[in-house]
Amino acid sequence: EAGQRQALLKQAGDAAAVHRQRAESHAATLRTDAARYLRLRLAIHFLEQQIERFRQENQAPLMKRASALFRAMTLNSFDGLTTDYTDKETQIIVGHRGDNNVPVTGMSEGTRDQLYLSLRLAAIERHIEVHEPLPLILDDLLMTFDDTRTAAILPVLRDLSTKTQILLFTHHEHLIELCQRSLGAGEFTVHRLGEK
């Protein structure tokens, strides 16, 4: 009986040794995984800080300028641009009007084009501040805008033309008259392709 108990204790001791070895192996894996987890969390935190710093340094001035351009292009029908979040916490740009934010999907085609144009022009202006200006080539840029909003955009383009050359291609003859009314003579030059 004592021998049987001794054999059982020995088996239990062997099983305990196996369990202890497994526990130590799991503990070592946990230590390795915990160290890796901490490194990854620190890296994520660092990246988030850098992204936020970049956003504050670049997005705020860009959005401020784009917002002013958008307000001017829409003849103050929008107060400007701001950011909002989707259900999935993704940051998006929206038009701001009174107490409401208007998503891009809630805008007309012309207003969406004005939003994108205001962002592009603000980015171009920011780029010109630190880089050599390149000519800006625009092809039928104003075709989705009515005459009133086109007349509001032309002075914005004229102001930008003091910093870089702007070539605006169009096949709409009435734009020349709009330019003359909005900008005045001597503020732009007309070149007709195919003429000598």
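All figures in this text were calculated on a predicted structure; none of them were measured in a lab.
At least one donor-acceptor pair under 3.5 Å links the side chain of S118 to the backbone N or O of L115. Looking only at distances, a side-chain donor or acceptor of S67 sits under 3.5 Å from a matching main-chain atom of L81. A donor-acceptor contact shorter than 3.5 Å is absent between the side chain of H127 and the backbone of A123. In this structure a side-chain-to-backbone donor-acceptor pair under 3.5 Å is missing from D140 to M143. A donor-acceptor contact shorter than 3.5 Å is absent between the side chain of R71 and the backbone of N76.
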Enumerate donor-acceptor pairs with a distance under 3.5 Å from any side-chain N or O in residues 93-108 to protein atoms, sequence neighbours excluded.
| from | atom 1 | to | atom 2 | distance (Å) |
| --- | --- | --- | --- | --- |
| H96 | ND1 | N101 | OD1 | 2.8 |
| H96 | NE2 | G98 | O | 3.0 |
| R97 | NE | S77 | O | 2.9 |
| S108 | OG | T111 | N | 3.2 |
| S108 | OG | T111 | OG1 | 2.9 |

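Separating the CZ atom in F70 from the OG1 atom in T82 is a distance of 12.0 Å, to the nearest 0.5 Å. Within the model, atoms CD of Q50 and NE2 of H45 stand 10.0 Å from one another, a figure rounded to the nearest 0.5 Å. D113 CG to R149 CZ: the interatomic distance, rounded to the nearest 0.5 Å, is 11.0 Å.
Residue-environment remark: NE2 (H174) exceeds the threshold of 12 foreign heavy atoms within 6.0 Å. No more than 12 heavy atoms of other residues, nucleotides or ligands sit less than 6.0 Å from atom CD of Q21.
Legend: residues meeting salt bridge (charged side-chain N to carboxylate O under 4.0 Å, His left out) with E109, ordered by chain and number and at least two apart, are absent. Judged as a side-chain hydrogen bond (donor to acceptor under 3.5 Å, both in side chains), and not counting sequence neighbours, T164 has no contacts. With sequence neighbours excluded, the residues satisfying salt bridge (charged side-chain N to carboxylate O under 4.0 Å, His left out) with R20 are E24. For R65, the salt bridge (charged side-chain N to carboxylate O under 4.0 Å, His left out) partners are E125, not counting sequence neighbours.
In terms of heavy atoms, P155 sits closest to A151 at CD-O, 2.9 Å. When all heavy atoms are compared, the tightest approach of D159 to T162 is O-OG1, 2.6 Å.
Here L141 is tied into one hydrophobic group with L69, M73, L117, L121, I124, I128, L136, L138, L142, F145, I153, L154, V156, L157, L160, I166, L168, L175, I176, L178, L183, F188, V190, each link being a pair of ILVMFWY side chains closer than 4.5 Å.
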